[in-house]
Amino acid sequence: MEDKVSIVANLLESDSDAQPDDIWNDGWTYELILVNNEEGSLLGKEIKLTFTDIIDSYEEKRTLTELPPLLESVWELSIVLDNEDNGKEYEVNQQIARTEAKINKIRVSPVAFTVDFDWKRQMKTETSIGANGETEAFEHAVNPPELMGVVLEDGTVLENITDFYNGHYTNEEFTQYQARGVFNQFIEYENVKELIFYAEGEIGMEAEKVYVSVK
């Protein structure tokens, strides 16, 4: 059975010295982030990627027209992830202040994290102005606080370092929640001292930073 994988691509840098004839070969550097949406690991499994054509999506949006591809081709890439599983699991078992969320444990690697919460499903009702100008009510699920950074053993504070954050309930009673995400920079996963979360305050108040010790 195939695993469900999410992929995010980011342009890291372009080579300003690249010549026009080489621009598609050596002029661009991309970062591909793969996130396994299922339990388990991607290590040791083959990942097949297929890329089709290079288009100018910015110009298409600007002109509202479908332009011919800048380069028509198909590229296929197969990768076997045989790296070691580098990471550390911290048993936390602490409540996040000002919230009903309790962190049971967090697993941290140099590039990603997984947090297990005690978090009972909550629904929140809010209002908005509809197309006809009338006030409409809608309901949405409330998620536990999001991890936004860490504090290292030497006191280094790394904030706003998380991307591609998602989560789901892991039991039928909707009381256990697991959140996953990736870091936008490498971190010293074995030297994490504290976790930094965004915790919502009262209605109309901005979210505040809350620190949770893992030691």
Which value, rounded to the nearest 0.5 Å, describes the distance between Glu91 atom CD and Glu89 atom CD?
5.5 Å

Linking I/L/V/M/F/W/Y whenever any side-chain heavy atoms sit under 4.5 Å apart, do Ile196 and Val108 land together?
no

Using the rule that Ile, Leu, Val, Met, Phe, Trp and Tyr join whenever any side-chain heavy atoms are under 4.5 Å apart, tell me whether Leu147 and Val142 fall into a single cluster.
yes

Yes or no on side chain to side chain contact (heavy atoms under 4.5 Å, CB included) for Val214 and Leu195, after CA distance, side-chain angles and deciding distance?
CA-CA 7 Å; Val214 299; Leu195 309 173; 3.6 Å; yes

Grab the two heavy atoms, one from Tyr198 and one from Asn160, that are nearest each other, plus how far apart they are.
OH-OD1, 3.4 Å

Would you please say whether a donor-acceptor pair under 3.5 Å links the side chains of Asp118 and Gln176?
yes

Within the 4.5 Å heavy-atom criterion, are Lys105 and Asp116 side-chain neighbours or not?
yes

Under a single-linkage definition using a 4.5 Å side-chain heavy-atom cutoff for Ile, Leu, Val, Met, Phe, Trp and Tyr, are Leu152 and Val92 assigned to the same hydrophobic cluster?
yes

Hey, quick one: are Leu158 and Val115 part of the same hydrophobic cluster, counting side-chain heavy atoms closer than 4.5 Å, chains of contacts allowed?
yes

Rounded distance [0.5 Å steps], CD in Glu72 versus OG1 in Thr52:
10.5 Å

Consider only side-chain heavy atoms of I, L, V, M, F, W and Y, link residues closer than 4.5 Å, and tell whether Val210 and Ile106 are in one cluster.
yes

State the CG-OG1 distance between Asn191 and Thr156, to the nearest 0.5 angstrom.
9.5 Å

Minimum heavy-atom separation for Ala199 to Pro145, with atom names?
CA-CB, 4.4 Å

Taking salt bridge (charged side-chain N to carboxylate O under 4.0 Å, His left out) as the cut-off, I'd like each qualifying pair that reaches into residues 125-146, sequence neighbours left out, listed once.
Lys124-Glu126

Is Gln94 close to Ser213 at the side-chain level, that is, under 4.5 Å between some pair of heavy atoms?
yes

Crowding at NZ, Lys88 (>12 non-hydrogen neighbours, <6.0 Å)
yes

Apply ring pair (Phe, Tyr, Trp, His ring centres under 6.0 Å) to Tyr169 and list each qualifying residue two or more places apart in sequence or on a separate chain.
Phe174, Tyr177

Roughly how far, to the nearest 0.5 Å, is the CG atom of Asp53 from the CG atom of Leu70?
9.5 Å

Partners of Glu159 by salt bridge (Lys or Arg N to Asp or Glu O under 4.0 Å), sequence neighbours excluded?
Lys209

Do Val212 and Phe197 touch side chain to side chain, with heavy atoms closer than 4.5 Å?
yes

Distance-only side-chain donor-acceptor flag, Gln122 / Glu100, under 3.5 Å:
yes

Glu190: which residues meet the salt bridge (Lys or Arg N to Asp or Glu O under 4.0 Å) condition with it, sequence neighbours left out?
none

Within this structure, what is the OG1-NZ distance for the pair Thr50 and Lys48, rounded to the nearest 0.5 Å?
9.0 Å

Show the atom names and distances, to 0.1 Å, of all donor-acceptor pairs under 3.5 Å that link a side chain in residues 73-80 to residues at least two apart or in another chain.
none

Where do Val182 and Val111 land on the side chain to side chain contact (heavy atoms under 4.5 Å, CB included) test, with the steps shown first?
CA-CA 6 Å; Val182 298; Val111 297; 5.9 Å; no

Could you pull out all residues at least two apart from Phe113 that satisfy ring pair (Phe, Tyr, Trp, His ring centres under 6.0 Å)?
Tyr165, Phe183

